[in-house]
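Notes for the one structure printed next.
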There are 2 protein chains.
Amino acid sequence: MKNMKRAAKRGQYHHGDLAAALVDTAVELIAERGVAGFSLAEASRRLGVTVAAPYRHFADRDALLAAVAAKGAGELATAVVAQTHGLTTEAERLAAGALAYVRFAAGKPALFQALFAAGLDKHKRPELEAAAAPLLEALCQPADSLCGGVPDSGKDLTLAVLATCHGHATLLLDGAFGPGPEAVEDAANRAAAATRALVAGRDALR
Amino acid sequence: MKNMKRAAKRGQYHHGDLAAALVDTAVELIAERGVAGFSLAEASRRLGVTVAAPYRHFADRDALLAAVAAKGAGELATAVVAQTHGLTTEAERLAAGALAYVRFAAGKPALFQALFAAGLDKHKRPELEAAAAPLLEALCQPADSLCGGVPDSGKDLTLAVLATCHGHATLLLDGAFGPGPEAVEDAANRAAAATRALVAGRDALR
DNA sequence: GTCTATATCCCGATAGAC
DNA sequence: GTCTATCGGGATATAGAC
């Protein structure tokens, strides 16, 4: 009775698609308090639902977290792929991917953190690897093209670019590039530039 | 009376240097359960001390966490600096620093995670920036040397190398390079190789 | 500087009714 | 598919004694 108000305010998820609603609410919550501060109980409260209800849709807290992470992996891959379209050189496609990667981390930190900072056993959640596969592929294709003959060198370049993007993204979220939207573009541009440098100096990879 | 056993087993920190003991125990705990799973209560229990005792030495949970992070920053800087000594070329000094960075993250994950994955406001903890300064300097010096004339390009290279190291380190801790010590050396070598590539292609930075 | 004791709050998860 | 009710556990933090 008392929590009916909240449910009404927030849009009556009762008997709707609670699973999806929980994912959305989890994203909100993580954005506000970080992954560690997220709880099933609080998410339930926000949706005007009992703490028992989520267990009909997710085995436990980590399962919901994994669903958020999978959504993040999909959206990140989509964002990167979208940016790499319509560019002429392979190097520029990689650089554009780097830009998109860092911007995504800054724009949807909750999804990014669920994917990377939630401490989920990715080995035990093959869905996540599957959701992340398109991202790998989007970077792998230009890299392979650039590295033509040499075996494995496409993979080496892909991994180097990915790690560089990831480093810029995580340092950015950690505040190492300073505050504000200006820091986001700075970090993104640096990641893109570093990607170009990796491409230019790729003979030194392995 | 019941917890006297544990205190005896673990070495009677009573009336010793509790502050330092708390830092050590926090490191143990974080190594076992991750940053999120760390609590003042559990640390107190392990030391055979009341939950109230730590508050004589640290304002709250985050203050102890910050002390661990500061220790991590210091040790990381030391490890990187140590590796860069005695090498002839500037490029190799940077590459060796990258090696050390990734190995540190893998070898002392608790310290590394306290420093980067604890969600501490580094802006509000200037001690941390101070503790990390030697690290920046260790990378900056060879980078400046390499980039000679061009203004700011030393800093650009330093940041690119740092982000690349960080990306490899965090992906490694996330399991992206697979399990085991073999993965550690793989990631470390890749970070070093990427650093050499960044140096080789540094004209593309900015 | 540490302990006793306690207040206060939150969480995950489950059983059983509807 | 959701609710009621509850068990069992753990956390932070403080007040006051010694």
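Sequence lines set the chain letters: A, B, ... in the order given, protein chains first and strands last, and positions in each chain run from 1.
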The complete set of side-chain hydrogen bond (donor to acceptor under 3.5 Å, both in side chains) pairs with one or both residues in residues 179-188 of chain B, sequence neighbours excluded, reads A:R206-B:D186, B:R103-B:E185, B:D186-B:R190
Side-chain donor-acceptor contacts of residues 109-131 of chain B below 3.5 Å, not counting sequence neighbours, with atom names and distances?
unit_1: B:K122; atom_1: NZ; unit_2: A:D174; atom_2: OD2; d: 2.3
unit_1: B:K122; atom_1: NZ; unit_2: B:L115; atom_2: O; d: 3.0

Show me the donor-acceptor pairs within less than 3.5 Å that the side chains of residues 47-64 of chain A make with the rest of the protein, sequence neighbours left out.
unit_1: A:D60; atom_1: OD1; unit_2: A:D62; atom_2: N; d: 3.3
unit_1: A:D60; atom_1: OD1; unit_2: A:A63; atom_2: N; d: 3.0
unit_1: A:R61; atom_1: NE; unit_2: A:F38; atom_2: O; d: 3.3
unit_1: A:R61; atom_1: NH2; unit_2: A:V35; atom_2: O; d: 3.4
unit_1: A:R61; atom_1: NH2; unit_2: A:F38; atom_2: O; d: 2.9

Of the options D:dT2, D:dC3, C:dG1, whose atoms approach the side-chain atoms of B:H57 most closely? C:dG1
How many Å lie between CZ on B:R56 and C1' on D:dC18, as a whole number? 13 Å
Close N/O contacts between protein and nucleotides 10-13 of chain D (under 3.5 Å):
unit_1: D:dA11; atom_1: OP1; unit_2: B:S39; atom_2: OG; d: 2.9
unit_1: D:dA11; atom_1: OP2; unit_2: B:R45; atom_2: NH2; d: 2.2
unit_1: D:dT12; atom_1: OP1; unit_2: B:L40; atom_2: N; d: 3.1
unit_1: D:dT12; atom_1: OP2; unit_2: B:A41; atom_2: N; d: 3.1
unit_1: D:dA13; atom_1: OP2; unit_2: B:Y55; atom_2: OH; d: 3.2

Distance-only check: which donor-acceptor pairs under 3.5 Å involve side-chain atoms of residues 133-147 of chain B, not counting sequence neighbours?
unit_1: B:Q141; atom_1: OE1; unit_2: B:R93; atom_2: NH2; d: 3.4
unit_1: B:S145; atom_1: OG; unit_2: B:E90; atom_2: OE2; d: 3.3

Selection residues 63-74 of chain A - residue pairs positive for salt bridge (Lys or Arg N to Asp or Glu O under 4.0 Å), sequence neighbours left out: A:D24-A:K71
